[in-house]
Amino acid sequence: MTTGVNIANFQEETIDRSREELGIKQEETFQWTKQWYPVAVVEFLDTSRPHKIQLLGKELVLWRDGSGKWACFEDFCPHRLAPLSEGRVESDGTLWCSYHAWRFDAQGNCVGIPQSKDKQTEIKHSSNSKSCAVAYPTQVCQGLIWVWAESGLQAQQESQLRKPRLIPELESDSDRVVKFLWNIRDFPYGWDFFIENVIDPAHVSISHHGIVGSRYKDANYCNLSNIRPMSTQEGFSFAVTPVEETVVEKVHEFQPPCYTTMTVKYKDGGKLILPMYTVPTRPGWCRYIGCQVLVRNEAGKNPKGLSSFPLLMPTWFGHIMTSLFLHQDLVLLHYQEKNLARQQHQDWLDAVYTPNPQDKMVTTFRQWFKNRAGGNIPWDSGCDAQLPNPESDKRQLFDVWNTHTKDCVVCRDALTNINRFKVLSYVGALVCLLIGIIIDARTVAFRMTTTVEMNISPFTVTPSTEFWVAIVGAIVLGTIGYLLQKFSQLFYVYEFEHSRNN
């Protein structure tokens, strides 16, 4: 045990010395760009094409080379500044610019300039440092792609001295730990407002009425107690009281720049963790990546009151259904940010009234942001730092296609299959209807002839059983097609109104 501690101390001392040699010191102010940020979920990305992303106002492109390595560049070709995100990932594993066919490897080196006079000239021009793409340190951990927010040789060295904010439970190989599906979504409000929201226990039963409690019965008093003091580099944590009889402790934690957790520890040894990453992408926008982690008790049972249903849920279905929950906060946070901007107060506390202890953690977060992190996100110099105007069209706020579906290969594939089934259902309904008409026409013709011969009124002729089977089939298939069409809209837009959530 002592040996392990000594080794850990030695490693920390070595890292500290390395930091000093590189000129990295524990600054009083949090350093936003010297951090790892999760920007994408590996399993949701189409590996055959590049992906445009944003981080701290930087325009970046993610892509995977032939060896399976994910790379991140600034989103421009050094030749004429065309966006590399509009390029191609070639069969040789290079990123190909669609403008003049320059090609780059995962390190950003230019490996092809086809317009060169000859091979010797091409090699000469490709070896010039000006021909290189601007590459950022990148790594894959726990199924997420992490990007260091600075580029260059020193950034490569510095990035190796800091670990990403990983989920500790997922580093364990215990069979008691179960991870639910990853979710990812872009939201039209800032990084700070998302974090405010997830560390605020008081809003849950009200904003999420009908899903998590009742706005009328569960808006109860609670207190927050600081259990880990504020730190520039490590954030802080609070315990929520009172708790249910089956619960030992509820803890909310913030670790900068983007990691928040809600942890519920149960008396039987089980645990529920809700880890969430919030990435500042551009002014007025953030990217959320989160999941649920379940720790079973020693008997292998789930914590009381929790269901394993989400584990059986297809990933694409889980993504779509989370709109029901995530969109309940969306409009509130979008306009909250805009309202604060209109107040034009230098201090957040001057603009709000927070008399209850439920707001302690939000207040602490705002103090950390102001006093430890500069009070503002240092957006890239090429980014318009102006906060966008409030969006008056709520359908734009509830846009699921552009904030998730178009960049999630799992959801796009599911949508393609749903549309295929929808078309097949409509075609099947039409075929059944035509068959029914043909059957009925033949039956009527036959019976009409018979009734004439037998001197019976033609109005007594009734459709055959086969006709009704065909008509019922047409109705069933048509209904299935209609329901699939309605369901497919969840991949595009999901609107929500609190006034209609009864």
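Gln35 places a side-chain N or O within donor-acceptor distance of the main-chain N or O of Gln31, the cut-off being under 3.5 Å. Panel note: side chain Ser131, backbone Ser126; a donor-acceptor pair is recorded below 3.5 Å.
Aromatic pair His209/His498: ring centres not closer than 6.0 Å. For His327 and Phe325, the gap between ring centers reaches or exceeds 6.0 Å. Separation of the Tyr259 and Tyr277 ring centroids falls under the 6.0 Å cut-off. Taking the centre of each ring, Trp146 and Trp36 stay at or above the 6.0 Å mark.
No hydrogens or angles considered: a donor-acceptor pair under 3.5 Å links the side chains of Gln336 and Glu196. Side-chain polar atoms of Thr33 and Glu150 form a donor-acceptor pair below 3.5 angstrom. At a cut-off of 3.5 Å, with distance as the only test, a side-chain donor of Gln154 or Glu158 sits close to an acceptor on the other residue. A donor-acceptor pair shorter than 3.5 Å cannot be found between the side chains of Thr416 and Asn419. Counted by atom type alone, Asn402 and Asp399 present one or more donor-acceptor pairs between their side chains at under 3.5 Å. Using modelled atom types and a 3.5 Å distance limit, the side chains of Arg185 and Ser323 yield a donor-acceptor pair. Side-chain polar atoms of His51 and Arg64 form no donor-acceptor pair below 3.5 angstrom. In summary, the side chains of Asp75 and Ser85 do present a donor paired with an acceptor at a separation below 3.5 Å, with no hydrogens or angles considered.
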Evaluate the ring-ring contact (aromatic ring centres under 6.0 Å, His included) criterion for residues Phe73 and Trp63: first the C-alpha distance (whole Å), next the side-chain angles of each, then the deciding distance (0.1 Å), finally the verdict. CA-CA 9 Å; Phe73 298 164; Trp63 65 286; 5.7 Å; yes
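When each of Phe369, Phe254, Trp368 is tested with Phe30 by the rule ring-ring contact (aromatic ring centres under 6.0 Å, His included), just one qualifies, namely Trp368.
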Identify every side-chain donor-acceptor pair in residues 135-143 under 3.5 Å, counting partners at least two apart or on other chains, and give the distances.
residue : atom : partner : partner atom : Å
Tyr136  : OH   : Glu74   : OE2          : 2.7
Thr138  : OG1  : Tyr136  : O            : 2.9
Gln142  : OE1  : Ile167  : N            : 3.0
Gln142  : NE2  : Ile167  : O            : 2.9
Gln142  : NE2  : Glu171  : OE2          : 2.8

Table please: side-chain donor-acceptor pairs of residues 375-388 below 3.5 Å, with sequence neighbours left out.
residue : atom : partner : partner atom : Å
Asp380  : OD2  : Gly382  : N            : 3.0
Asp384  : OD1  : Gln386  : N            : 3.1

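In this structure, the side chains of Asp200 and His203 come closer than 4.5 Å at one or more pairs of heavy atoms. Looking at heavy atoms from C-beta onward, Gln343 lies out of side-chain contact with Val352 at the 4.5 angstrom threshold.
Figure legend: cation-pi geometry between Arg366 and Phe193, with NZ or CZ positioned under 6.0 Å from the six-membered ring centre and within 45° of its axis.
In this structure, CD on Gln396 lies 14.0 Å from NZ on Lys394, to the nearest 0.5 angstrom. Here Leu326 contributes atom CG and Phe496 contributes atom CZ; the two are 12.0 Å apart, rounded to the nearest 0.5 Å. Between atom NE2 of residue His404 and atom CD1 of residue Ile320 there is a gap of 5.5 Å, rounded to the nearest 0.5 Å. One finds the CE atom of Met313 at 7.5 Å from the CE atom of Met321 (value rounded to the nearest 0.5 Å).
Ion pairing between Arg282 and Glu59 fails under the 4.0 Å rule for side-chain N and carboxylate O. A salt bridge links Arg165 and Glu234; the closest N-O separation between the charged side-chain nitrogens and carboxylate oxygens is under 4.0 Å.
Between Phe187 and Tyr288, the ring-plane angle classifies as tilted under the 30° and 60° cut-offs.
Residue Trp191 comes nearest to Cys258 through the heavy atom pair NE1-CA, 4.2 Å, listed as atom of the first residue, atom of the second, then distance.
For NZ of Lys52, the number of neighbouring non-hydrogen atoms (other residues, nucleotides, ligands) closer than 6.0 Å is greater than 12. Residue-environment remark: CZ (Arg88) stays at or below the threshold of 12 foreign heavy atoms within 6.0 Å.
Here Gln485 pairs with Tyr426 under the side chain to side chain donor-acceptor pair (under 3.5 Å) rule; sequence neighbours left out.
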